Amino acid sequence: MVTTRWGSRRVASGRNTLIITRTSTSASHYTVLLSATRKGARLARLLATERIRSWGLPHEKAALIVAEPAANAALHGRVPGRNFRLSLNRTPDTLRIEVKDPRADRLPVVRPKTETGEQPRESGHGLLLVEEFADRWGVRPELIGKTIWAELDLSV
């Protein structure tokens, strides 16, 4: 069964209002468009966690993986008036996480680990977490925007 909801749904969250413009779900697929804000990024992590939990899969690593590209989509991939998309795809062997934002001109870069004696940077370490927890990950530039994807093997 596939459920698709068109239109907008407003979710009040403190001062700001998040707008979820469309969701699509099935037994093995989940997609949602979220506002490119910090609260939208947080909602992406919470929605992904709940969906993965409902599938009976371990959600801890996946929540950390979703959090980073969602936060990057809100912070670096934001285009006024445009949303970002979170997609989860489940196969018997793999959970695939995708976050698509509208900025193709700003591709993510994994910063190398600091040399000894060098002061660590305050930010820019999130993709190191994705690299550590995901079994595979990458960036796919598209005609409009880019998609950051990561895969977790389920048959361990």
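We number each residue from 1, following the sequence as shown. As the structure is a computational prediction, the values presented were derived from the model and not from experiment. Because only heavy atoms are used, hydrogens play no part in the values below, and waters and symmetry mates are left out as well, while side chains stay in.
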To the nearest 0.5 Å, tell me how far [X] [atom1] sits from [Y] [atom2].
{"X": "I97", "Y": "E151", "atom1": "CD1", "atom2": "CD", "result": "9.5 Å"}
{"X": "I148", "Y": "N72", "atom1": "CD1", "atom2": "CG", "result": "5.5 Å"}
{"X": "H59", "Y": "I52", "atom1": "NE2", "atom2": "CD1", "result": "8.5 Å"}
{"X": "T31", "Y": "L47", "atom1": "OG1", "atom2": "CG", "result": "12.0 Å"}
{"X": "R90", "Y": "L95", "atom1": "CZ", "atom2": "CG", "result": "9.0 Å"}
{"X": "L43", "Y": "T37", "atom1": "CG", "atom2": "OG1", "result": "8.5 Å"}

How close do [X] and [Y] get, heavy atom to heavy atom, and via which atoms?
{"X": "F84", "Y": "A70", "value": "CE1-CB, 4.1 Å"}
{"X": "L88", "Y": "A48", "value": "CD1-CA, 3.8 Å"}
{"X": "A74", "Y": "R38", "value": "CB-N, 4.1 Å"}

Among the clusters formed by ILVMFWY side chains lying less than 4.5 Å apart, do [X] and [Y] turn up in the same one?
{"X": "L129", "Y": "L86", "answer": "yes"}
{"X": "I65", "Y": "L57", "answer": "yes"}
{"X": "W55", "Y": "L152", "answer": "yes"}
{"X": "W149", "Y": "V99", "answer": "no"}

### Message
Within the structure provided, determine whether T94 and D153 are in side-chain contact (heavy-atom separation under 4.5 Å).
### Response
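Yes - at least one pair of side-chain heavy atoms lies under 4.5 Å apart.
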### Query
Hey, are the side chains of L154 and D93 touching, using non-hydrogen atoms and a 4.5 Å cut-off?
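No, side chains not in contact.
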### Message
If you count every heavy atom of other residues, nucleotides or ligands that lies below 6.0 Å from K146 atom NZ, does the total exceed 12?
### Response
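Counting neighbours around NZ of K146, more than 12 heavy atoms of other residues, nucleotides or ligands fall under 6.0 Å, so yes.
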### Message
Could you check whether E98 pairs with R96 (Lys NZ or Arg NE/NH1/NH2 to Asp/Glu carboxylate O, under 4.0 Å)?
### Response
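A salt bridge is present here (some side-chain N lies under 4.0 Å from a carboxylate O).
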### Query
Is a side-chain N or O of N83 found less than 3.5 angstrom from the main chain of L33, in a donor-acceptor match?
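Side chain of N83 to backbone of L33, a donor-acceptor pair under 3.5 Å: no, none is there.
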### Message
One pair to check against salt bridge (charged side-chain N to carboxylate O under 4.0 Å, His left out): D101 and R82. What are the steps and the verdict?
### Response
CA-CA 8 Å; D101 71 54; R82 300 290 305 269; over 6 Å; no
